[in-house]
> 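Below is the structure I would like to discuss, written out as structure tokens.
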Amino acid sequence: MEYDFRSIEKKWQEYWAANRTFKAFEDSSKPKYYVLDMFPYPSGAGLHVGHPLGYIASDIFSRYKRLKGFNVLHPMGYDAFGLPAEQYAIQTGQHPEKTTTENVARYRQQLDRIGFSYDWDREVRTCDPEFYKWTQWAFLKMFSSWYDPEQEKARPIEELVARIEKTGYEDVTPEMWKSASEKEKSEILMRYRIAYQGETSVNWCEGLGTVLANDEVKDGLSVRGGFPVEQKKMTQWQLRVSAYAGRLLNSLDKLDWTDSLKEMQRNWIGKSDGTEIVFNTECDGRTKPVTIFTTRVDTIFGVTFMVIAPESDLALELTSSSQKDAVEAYIREVKKKTERERIAETKTVTGVFSGAYGINPLTGDRIPVWISEYVLAGYGTGAIMAVPAHDSRDYAFARKFNLPIVPIIEGCDVSTQSFDAKEGKMCNSGFLNGMDVKEAMEAAKDYVEEKGLGRRKTNYRLRDAIFSRQRYWGEPFPIYYKDGIACPVPEEELPLRLPEIDSYKPTGEAPLARAKDWTYKGYPLETSTMPGFAGSSAYYLRYMDPHNGEALVSGEADAYWRNVDLYIGGTEHATGHLIYSRFWNKFLFDLGYVCEDEPFRKLINQGMIQGRSNFVYRVVGTNTFVSAGLRKQYETTEIHVDINIVHNDRLDLEAFKAWRPEFAEAEFILENGEYVCGWAVEKMSKSMYNVVNPDVVCDTYGADTLRLYEMFLGPIEQSKPWDTKGIDGVNRFLKKFWRLFYDRDRFLVTDEKASAEELKSLHKLIRKEQEDIEAFSFNTTISAFMIAVNELTALKCCTREILEPLVILLSPFAPHISEELWSRLGHQESVAFASFPEFESSYVAEDNCTYPVSFNGRTRFSIDMPKSATPAEVEAYVRGLEQTDRYVGSQTIVKVIVVPGRIINIVVK
RNA sequence: GCCUUGGUGGUGAAAUGGUAGACACGAGGGACUUAAAAUCCCUUGGACAGAAAUGUCCGUGCGGGUUCGAUUCCCGCCCGAGGCACCA
């Protein structure tokens, strides 16, 4: 009986589905383990071989953990709201729900063919009202909470109201509150709510007709669609993510994520410790204190001017009547630029003098105030003190506008560039003179605080997330407007279902504004919808308790599953989803809805699988194609050819002729009787004919081969091109594995005792597999498997004692063939319920081993010693050779270095 | 510019201070077969010497350093990938 993967895989996939083999229960007798994949967006193109890379790795780990006695939660779902479905709806008029449902069905079919151990009873879809009910619920919780900086956590907004009524809060006094109208009260609270509405400069994308979050914009273009993005002041719903900046930064330390990813988040959060300090300014005889932020107060004696951001309200306030026209013209100029232009022009220095002067609070110097776009309104206070001698941006500005440059560090040369380094001795700096820069940085901060001129301040670059989108295919906001006041739709009324609309075409207004009766109790409902990251921010919690109608997750389910132990997905979510999820989770943690303050303990980023395109070379002006090796002799054009008609870079000529009508009469110039195609690594895409569908691999080789091959390709974290060159190797391995059990129709397995050598092979493998899986080095595990199977084949091993554990060991990697052989070994239950075999070192230990002996690193001869010999014993033996051995005897031994079981080196004079 | 990564045969890669290239692909040779497929065996980093067994030298992007010994650790450069980019 040959290894017939087709029938085997079909049989076991049906068995797993029918028996709910991988259904997870809350079982407190076992330790839990939660393995999660980043759920896919179900696009129309279907799954390609890149998607399953991470899914296979997580599935292997899940199955391994089950064998190790853990109760494993391994769910899957779909991130189903979002722009592509809506764009498609605009083009075709089809309801996004219809295309989404179709795409989901296709994804499911493709996923099932690969044999994943998902508990499909826990599937979630973000566009399902029963799911987005909880997205809306979380939003309402954020709406009715504020961030208490003293307790450093979110609290119900009622507590803030109580506090204002009693003692006042910040600049709101109890009297003000008492006399405030409903509308004014609403406006005051909006300044504190975690989910709030506020005017801000937003990324407006005309092409998509919506605003976008910072992580949805790259190089001034929208990530989806690549349309230009401009800055616009608009009133939008926002999430106060910035309040959590410090906590998001600090708890990174305890996460088991890669350093590069943590670093990306640290940069994105962008903490900087500095000082806020007040400069008095005067303008047309009026004075006004202006607070600036700096990380280098120590350079305050080198300040020669100040700069205000053009978007800042201060810009016009500090403009003198004589400079009014110039400043207004400059601000208009700046506003006109798109984000992309501003990025492109970062090297050009622009600015205008405001007409105002500031007073240096330490020196009393009178310095000019300028306005320039290199200062950002959204960071710090939107105003800076400029120290051209020690800041490269200030330096460029001072050079351009001929402002003085005063160095304050001894011996530095600022004739061609600024001296930014934090080293040297201070000079020209009053009481700081003679101090080391590092010392001066602290001394200056202390001084400013003591004199009451300013205070230490930590700033973050992380901005609040803009949460509304003027689109259709997203979660509606459970907010209605009563006399212009935003009011929450009561929780009991959730989900607030997405209404039907006649047409998806953008008309400049939000699509929901066209929906009939989009009202609550006669009041108009919010017409924006939530962004893509809303639904993906807490989905991992929903998997714990997916059918609960009363809560996002019950206290019991949450207390048992806690958080995700292993999360696998791409790095592209580093500054989006992975920040928002952490924020969302911390918020729910603050209110006591979840018991862990971080959602994902360990995170692995799988690399991208790129496409490997093939080319044929058409001789210009003919229908003749020349093989790649000979193309230099002709003038040719390169044409992408469908990789499905190329094998190992050799073109299937007949298939090529049949591929396109225009190639039916094609002629070929061959090398060695074959047509060799050129190749290149490119993004996997339809237009380059390099997309590999996993179904095709499953058809030709089987799912087990696909799984093994994707893992054998190299380390999971690494990006690499898809290349089926080596796939025959793992396929051969599976056939060999099968032949350990079957010689044609003869079942070979016996109950004989295993030999010492066979046991050694097995136990070496057990140890290696355990170590490698824990370290996520699946490619080396598979290598170890190949070695073991080759050894056992050579030994003609056929004992149950060896083969039974071997099947268990293979099952995480190639579950179908393992199930089949497991049942043929006479087991009634799935191999998933077996236990991982125990490693016993006694089988592996060798009696003797050979030490290569080298002198000063050069190998001379070898000695045989028992493996159990200690380094001291080996050394004593070698020194004993001094009398008899011609090498050792002729030299003076200085030192003998022994590494157990490996190598011995003798240092001689 | 800054941060994070990575650079090893024809190819994917292994080895994280101790015999570099495990394992696999591809290639070449052989066995079985009428033939093909499948399967199995041998060779396969480079150079040199030898009839052969075998031996010697070189070799992990480049240049230094630490060490008895470096792909691995340190310093400086070159190249590729990813991220951030007027954040004061």
Side-chain angles (χ1 to χ4, degrees), chain A residues 2 218-219 258-268 270-272 274-275 292-297 299 306-307 309 342-343 345-349 372-376 378-387 390-394 396-397 420 459-463 571-572 574-575 605 607-608 610 648-649 708-709 712-715 717-730 732-733 735-736 739 777 779-787 790 793-794 850-859 862 893-909:
Chain A
E2 286 301 305
K218 212 178 168 287
D219 297 329
T258 61
D259 289 337
S260 67
L261 200 93
K262 285 195 207 176
E263 204 52 36
M264 272 159 87
Q265 290 216 338
R266 284 195 191 102
N267 290 340
W268 190 259
K271 179 180 182 177
S272 77
T275 308
I292 62 100
F293 175 75
T294 178
T295 52
R296 297 289 305 272
V297 230
T299 61
M306 291 174 71
V307 188
R342 275 183 87 154
I343 289 166
E345 291 169 14
T346 49
K347 293 279 181 290
T348 31
V349 180
S372 171
E373 60 180 331
Y374 86 89
V375 173
L376 305 177
Y379 184 78
T381 60
I384 63 153
M385 64 178 210
V387 187
H390 303 291
D391 182 288
S392 56
R393 297 153 302 186
D394 296 344
F397 195 80
D420 293 17
N459 267 335
Y460 295 96
R461 281 158 66 177
L462 186 70
R463 310 292 166 82
T571 21
E572 66 271 22
T575 53
N605 297 115
M608 254 213 312
Q610 297 138 306
N648 285 335
D649 288 340
L708 280 170
Y709 188 58
F712 191 62
L713 222 44
E717 301 92 336
Q718 206 164 293
S719 285
K720 58 224 141 189
W722 176 257
D723 183 354
T724 47
K725 252 189 189 168
I727 202 165
D728 293 316
V730 287
R732 257 171 233 160
F733 160 75
K735 289 188 207 161
K736 254 188 215 176
R739 283 201 301 272
S777 176
N779 53 335
T780 52
T781 320
I782 296 169
S783 292
F785 242 108
M786 289 175 172
I787 294 168
N790 282 340
T793 305
T850 304
Y851 292 88
V853 178
S854 42
F855 289 85
N856 291 355
R858 292 177 166 229
T859 306
S862 339
I893 296 177
V894 176
K895 201 159 101 184
V896 178
I897 297 146
V898 180
V899 179
R902 299 294 305 235
I903 196 168
I904 181 166
N905 189 24
I906 300 169
V907 185
V908 294
K909 263 204 287 216

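All of these numbers come straight from a predicted model, not from anything done at the bench. Note on naming: letters A, B, ... go to the chains in the order of the sequence lines (proteins, then strands), and numbering restarts at 1 for each one.
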> Please classify the nucleic acid contact of A:K271 as base, sugar-phosphate, or nothing, using heavy-atom distances under 4.0 Å.
nothing
> What stems involve RNA chain B, if each pair must be Watson-Crick or G-U and both of its distances must be under 3.5 Å, with 3 or more such pairs in a row?
B:1-7 with B:78-84, B:10-12 with B:23-25, B:26-31 with B:39-44, B:45-49 with B:54-58, B:61-65 with B:73-77
> A:R739 side chain N/O closer than 4.0 Å to the phosphate oxygens (OP1, OP2) of B:rC40?
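Yes, within the criterion.
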> For B:rC58 and B:rA53, measure between their C1' atoms and round to the nearest Å.
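Going atom to atom, C1' in each nucleotide, I get 23 Å.
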> Can you name the closest pair of heavy atoms from A:L713 and A:D723 and give their distance?
CD1-O, 4.3 Å
> Measure the acute angle between the ring planes of A:F397 and A:Y374, then classify it against the limits of 30° and 60° as parallel, tilted or perpendicular.
tilted
> Using atom C1' of each nucleotide, how far apart are B:rC42 and B:rG61 to the nearest Å?
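Between the two C1' atoms, the distance is 35 Å.
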> For A:Y460, enumerate each residue passing the side chain to side chain donor-acceptor pair (under 3.5 Å) test, keeping only those at least two apart in sequence or located in another chain.
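Not a single residue meets the side chain to side chain donor-acceptor pair (under 3.5 Å) criterion with A:Y460.
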> From B:rC86, B:rU4, B:rC25, pick the nucleotide closest to the side chain of A:K725?
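Selected nucleotide (nearest to the side chain): B:rC25.
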> Quote, to the nearest angstrom, the P distance that separates B:rU71 from B:rA15.
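Each nucleotide's P atom is 16 Å from the other's.
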> Among B:rA38, B:rC23, B:rU4, which nucleotide sits nearest the side chain of A:M786?
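That would be B:rC23.
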> Taking the C1' atom of each, how far is B:rU8 from B:rG46, in whole Å?
14 Å
> Give a yes/no on whether any side-chain N or O of A:Y374 is located under 4.0 angstrom from OP1 or OP2 of B:rA88.
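Checking A:Y374 against B:rA88: no side-chain N or O falls below 4.0 Å of OP1 or OP2.
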> For A:S272 and A:Y379, which heavy atoms make the closest approach, and how far apart are they?
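What the structure gives for the nearest pair is OG-OH, 2.9 Å.
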> Which atom pairs link the protein and nucleotides 12-14 of chain B when you take only N or O atoms and keep those under 3.5 Å?
| unit_1 | atom_1 | unit_2 | atom_2 | d |
| --- | --- | --- | --- | --- |
| B:rG12 | O2' | A:L713 | O | 2.5 |
| B:rA13 | OP1 | A:Q718 | NE2 | 2.7 |
| B:rA14 | OP1 | A:N779 | ND2 | 3.0 |

> Need one value for A:R266: base, sugar-phosphate or nothing, where a base atom within 4.0 Å counts as base even if backbone is also close, heavy atoms only.
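Nothing, no heavy atom under 4.0 Å.
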> Going by the rule ring-ring contact (aromatic ring centres under 6.0 Å, His included), which residues pair with A:Y709 if we only count those two or more places apart in sequence or in a different chain?
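By the ring-ring contact (aromatic ring centres under 6.0 Å, His included) rule, A:Y709 matches A:W722.
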> Could you list the residues that satisfy side chain to side chain contact (heavy atoms under 4.5 Å, CB included) with A:D420, not counting sequence neighbours?
A:S392, A:S418
> All N/O contacts under 3.5 Å from nucleotides 83-85 of chain B to the protein, with atom names and distances to one decimal?
| unit_1 | atom_1 | unit_2 | atom_2 | d |
| --- | --- | --- | --- | --- |
| B:rC84 | O2' | A:R461 | NH2 | 3.1 |

> Would you say A:N790 reaches B:rA24's phosphate, i.e. side-chain N/O to OP1/OP2 under 4.0 Å?
yes
> Could you tell me how far B:rG21 sits from B:rG45 if I compare only their P atoms? Round to whole Å.
10 Å
> Determine the Euclidean distance between corresponding P atoms of B:rA13 and B:rG63; express it in Å to zero decimal places.
25 Å
> State, to 0.1 Å, how close A:M385 and A:V297 come at their nearest heavy-atom pair, and which atoms those are.
CE-CA, 4.3 Å
> State which of B:rA38, B:rA88, B:rC25 makes the closest approach to the side chain of A:S272.
B:rA88
